[in-house]
Amino acid sequence: MIKWLARGAVALAGLLWLSRFFIRDGGVGIVNGVVVFTLIWWILLFTMLPIGVTSQQEDGDVVAGSEPGAPSRPNLAKKLWWTTAITSGLWVGYFFLMLSGVLEQLIPHGGHW
């Protein structure tokens, strides 16, 4: 169930991003959407990297010539997938928040609040 929700979030983010090529308004533009997605993705990736990592020393299987604190199984593919899925969900929320116009009320216009 969670796997399908994650895939759905990625698909919805992709469809909403593609819709920006055909629907022009003051919402999330192409560059804005890509920049926000990329920033969130990298921040989340660096946040998720240490999760669930065990060192070679903790596993008791230190490879000769390597650092004992090096990860034995970093699970990078899994972390990249979850980073993309979570980022897609957050980006969809950002998309609808920008589309609703709520943030426009908080942004100063004409040099004053």
Side-chain angles (χ1 to χ4, degrees):
M1 177 71 172
I2 292 175
K3 187 182 246 184
W4 287 105
L5 287 174
R7 288 181 181 168
V10 172
L12 183 60
L15 289 174
L16 289 173
W17 182 77
L18 285 174
S19 73
R20 302 307 345 157
F21 286 112
F22 305 107
I23 302 171
R24 301 280 184 200
D25 65 348
V28 179
I30 305 283
V31 175
N32 183 348
V34 170
V35 168
V36 169
F37 188 89
T38 304
L39 286 173
I40 293 172
W41 192 89
W42 279 105
I43 290 169
L44 268 175
L45 176 66
F46 287 128
T47 303
M48 292 184 73
L49 281 177
I51 295 174
V53 174
T54 58
S55 69
Q56 293 177 8
Q57 187 174 17
E58 290 172 341
D59 281 348
D61 185 27
V62 178
V63 177
S66 70
E67 170 66 32
S72 57
R73 289 180 308 274
N75 297 324
L76 288 179
K78 188 176 181 181
K79 289 178 183 180
L80 291 174
W81 168 250
W82 278 108
T83 299
T84 304
I86 294 169
T87 301
S88 298
L90 290 172
W91 190 88
V92 168
Y94 168 76
F95 176 84
F96 285 117
L97 189 65
M98 288 298 289
L99 198 63
S100 71
V102 172
L103 291 181
E104 278 295 317
Q105 298 170 1
L106 302 174
I107 297 174
H109 297 285
H112 63 287
W113 291 90

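Annotation: ring pair (Phe, Tyr, Trp, His ring centres under 6.0 Å) contacts of Trp42 (sequence neighbours excluded): Phe46. Qualifying side-chain contact (heavy atoms from CB on, under 4.5 Å) partners for Leu80, counting only residues two or more places apart in sequence or in other chains: Trp41, Leu45. Evaluation of the side-chain contact (heavy atoms from CB on, under 4.5 Å) rule for Ala70 yields Gln56, Glu67 as partners, not counting sequence neighbours. Leu76 meets the side-chain contact (heavy atoms from CB on, under 4.5 Å) test with Leu49, Pro74; sequence neighbours excluded.
Heavy atoms only, all atoms of each residue included: Val53 and Pro71 are closest at CG1-CB, 3.4 Å. Contact between Ala13 and Ser88 at its shortest, heavy atoms only, is CB-CB, 3.7 Å. Smallest separation of non-hydrogen atoms from Ser55 and Gly69: CB-O, 3.7 Å.
Applying the salt bridge (Lys or Arg N to Asp or Glu O under 4.0 Å) test to residues at least two apart or on different chains, the pairs with a partner in residues 71-90 are Asp59-Arg73. The ring pair (Phe, Tyr, Trp, His ring centres under 6.0 Å) analysis of residues 48-83, with sequence neighbours excluded, yields no pairs.
In this structure, Val92 is not a member of the same hydrophobic cluster as Ile43, with clusters built from ILVMFWY side-chain heavy atoms closer than 4.5 Å. Under the 4.5 Å side-chain heavy-atom criterion for ILVMFWY residues, a single connected hydrophobic cluster contains both Leu97 and Leu44.
Here the straight-line distance linking atom CD1 of Ile86 with atom CD1 of Ile40 works out to 11.5 Å at 0.5 Å rounding.
Between the side chain of Ser72 and the backbone N or O of Thr54, at least one donor-acceptor pair lies under 3.5 Å. Under a 3.5 Å cut-off, the side chain of Trp91 and the backbone N or O of Gly33 do form a donor-acceptor pair.
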